[in-house]
Amino acid sequence: MSDISFHDLSSLDTAQRAGLLKRAEGDLSAFVEKVRPIIQAVREEGDAALIRFAREFDKANVAEGGLKVSEAEFDAAFDKVEKDVVESIRFGIENIRHFHEEQKPEAMWLKEIRPGAYAGDRYTPIASVALYVPRGKGAFPSVTMMTSVPAVIAGVPRIAIVTPPTPDGSVDAATLVAARLAGVGTVYKCGGAQAVAAVAYGTETVKPALKIVGPGSPWVVAAKSVLSSIINTGLPAGPSEAIIFADDSVDGGLAALDLLIEAEHGPDSSAYLVTHSRKVAEAALAALPDHWSRMTEQRVEFSRAVLTGKRGGIVLTASLQESYRFINDYAPEHLEILSKEPFAHLGPITEAAEILMGPYTPVTLANFVLGPNAVLPTSRWARTYGPLSVTDFVKRSSVGYVTSAAYPELAQHARRLARYEGFSSHENAVSEIRDRYLAG
């Protein structure tokens, strides 16, 4: 398996190490220029542009007036999906719901800051949110589950899913099953940059939204970038990426097995095995052919492209500390800690959106049924963003309440600071002028 990218970290110079940190959407300039005319067309032509782009980009025949999924299509989806798959979708939604219900903040809290002076926060749901569910390299009912459940728990009044149509002009049946079971009844047949434009500006069929969340291709990420002043684009979620960290207590074959999980998403994914153990690295290399022999041809093609390319492979470090530093520099979307003592490694690792502990917690479980959200920041944004959560679907307002007894002391100090900063109206509002109005 000499074609697998193998990086001996201690032998790389600064530029080569920096090259390992690059992602597919690192430079969006080419995509930005390509999405601008798509966005403009949707803004000007509405539904007609969406139908044309569905035919052009998705090779899908969406009928005029058929951009919104009908109730009949929802009903039919349950007949198209095998009962055991529906059962697993229900199972996953139940766990995701339990997890996210614990995240929901209390509607309002107030704390007495000084005697008679209260301050706190109030949370209210965002009025309208669009959920982007990709389809280009497969069907993703799991993304529907991960985006829909927290939006419903947050109490968003108007939730809509946008997802690319299939060639016959329908929507993936399992995605519709997941949407209905999660509590979302509006799905639009549009994807890519045109979907982002549709929910930003609205069309004859698609209602505009205040925010869009969900992972997507560089086309989607570029469209979000262009439209970020029109619609809140949420956390940056692009092509999949993962680091499988393994110490010398686990079999390299197991590390190779999990290395393929995110690598199989597509050739624009990123996936590294990071280990200080040459024995683990060599065992992983030796195990890959057997793992590939049990995968479908397309997924082998995708994962091989990643592991033989510039954004994947094996990173051999000189020590555990060097492994920790590389992981923190990379700030991965998904991180597995493969070790018999995974918590021993947790402390030094601070930059990862999702950390999965031990050999019984592969990314697969987290992507589908464990409960935490699998819509995660990519491209090193884990340094400042966390996973999608209920709080992404609510907005926070500060609340203050001052009683007559507490007012004089606060006013005195505020007046001094207002005078110092030169704001006379601020000063007047807490001066004897106010006192006269209050006394009257």
Side-chain angles (χ1 to χ4, degrees), residues 28 30-74 76-77 126-136 139-140 143-144 147-148 151 156-172 175-176 179-180 184-234 237 393:
L28 291 172
F31 291 99
V32 166
E33 293 310 309
K34 291 176 181 177
V35 302
R36 288 189 189 279
I38 297 172
I39 291 169
Q40 189 64 24
V42 172
R43 186 178 185 183
E44 294 176 354
E45 303 172 41
D47 284 0
L50 295 179
I51 292 171
R52 184 172 73 253
F53 290 138
R55 186 167 55 249
E56 181 178 346
F57 299 140
D58 302 308
K59 311 304 177 187
N61 183 24
V62 177
E64 186 175 348
L67 283 168
K68 184 178 180 181
V69 172
S70 67
E71 287 300 312
E73 289 176 285
F74 270 106
I126 297 172
S128 57
V129 175
L131 314 176
Y132 189 86
V133 177
R135 195 197 59 81
F140 298 102
V143 177
T144 304
T147 54
S148 297
V156 176
R158 184 158 59 82
I159 306 169
I161 291 169
V162 286
T163 188
T166 61
D168 65 0
S170 65
V171 166
D172 168 64
T175 294
L176 295 183
R180 177 171 279 183
V184 176
T186 300
V187 178
Y188 297 117
K189 303 172 187 178
C190 55
Q194 60 271 29
V196 182
V199 296
Y201 292 115
T203 71
E204 297 90 334
T205 298
V206 180
K207 292 183 178 180
L210 295 174
K211 186 172 186 177
I212 181 171
V213 303
S217 69
W219 292 85
V220 172
V221 177
K224 287 181 177 180
S225 175
V226 171
L227 291 165
S228 60
S229 63
I230 307 298
I231 184 171
N232 185 324
T233 54
F393 297 98

Quiz item: Looking at Pro134 and Val143, what are the two nearest heavy atoms and their distance?
Solution: CD-CG1, 4.0 Å
Practice problem: State the CG-NZ distance between Leu28 and Lys224, to the nearest 0.5 angstrom. | Solution: 11.5 Å
Quiz prompt | Under 3.5 Å: donor-acceptor pair, side chain of Glu73, backbone of Ser70 | solution = yes
Quiz item: Just by modelled atom types, is the Gly66 backbone N or O under 3.5 Å from a matching donor or acceptor in the Lys189 side chain?
Solution: yes
Quiz item: Where does the angle between the aromatic ring planes of Trp219 and Phe57 fall among parallel (under 30°), tilted (30 to 60°) and perpendicular (over 60°)?
Solution: tilted
Exercise. Would you please test Thr144 and Ser148 for side-chain hydrogen bond (donor to acceptor under 3.5 Å, both in side chains) and show each step?
Key: CA-CA 6 Å; Thr144 304; Ser148 297; 5.6 Å; no
Quiz item: Should the pair Glu204-Lys68 be classified as a salt bridge under the 4.0 Å nitrogen-to-oxygen rule?
Solution: no
Quiz item: Does any non-hydrogen side-chain atom of Arg36 lie less than 4.5 Å from one of Val32?
Solution: yes
Review item, side-chain donor-acceptor pairs of residues 226-234, under 3.5 Å, at least two apart:
{"unit_1": "Ser228", "atom_1": "OG", "unit_2": "Ser225", "atom_2": "O", "d": "3.0"}
{"unit_1": "Asn232", "atom_1": "OD1", "unit_2": "Gly234", "atom_2": "N", "d": "2.9"}

Quiz prompt | OG1 on Thr147 to CD1 on Ile159, rounded to 0.5 Å | solution = 9.0 Å
Quiz item: Between Phe140 and Thr163, does a side chain to side chain contact (heavy atoms under 4.5 Å, CB included) hold up when you go through it step by step?
Solution: CA-CA 10 Å; Phe140 298 102; Thr163 188; over 6 Å; no
Exercise. Mind checking the CG-CG spacing from Asp47 to Leu67? Nearest 0.5 Å is all I need.
Key: 5.0 Å
Quiz item: Which heavy atom of Pro208 sits nearest a heavy atom of Ala200, and at what distance?
Solution: CB-O, 4.1 Å
Quiz item: Got a second to check how far Ser217's OG is from Phe31's CZ, nearest 0.5 Å?
Solution: 7.5 Å
Quiz item: At their closest point, which heavy atom of Val133 faces which heavy atom of Pro164, and how far apart are they?
Solution: O-CD, 3.3 Å
Self-check item: Backbone N/O of Pro165 and side chain of Arg135: donor-acceptor pair under 3.5 Å
Solution: yes
Quiz prompt | For Ala209 against Ala130, the heavy-atom pair lying closest together | solution = CB-N, 3.8 Å
Practice problem: Identify, with sequence neighbours excluded, every residue that meets ring pair (Phe, Tyr, Trp, His ring centres under 6.0 Å) alongside Tyr188. | Solution: none
Practice problem: Looking only at non-hydrogen atoms, find the nearest pair between Tyr132 and Gly216 and report the distance. | Solution: CE2-CA, 4.3 Å
Exercise. For residues Cys190 and Leu50, report the shortest heavy-atom separation together with the two atoms involved.
Key: CB-CD2, 4.2 Å
Exercise. Provide the full list of side-chain hydrogen bond (donor to acceptor under 3.5 Å, both in side chains) pairs with a residue in residues 55-65, sequence neighbours left out, each pair given once.
Key: none
Quiz prompt | Value rounded to 0.5 Å, distance of OG1 in Thr203 from CD1 in Ile51 | solution = 9.0 Å
Self-check item: Arg43 side, atom CZ; Ile38 side, atom CD1 - distance, nearest 0.5 Å
Solution: 16.0 Å
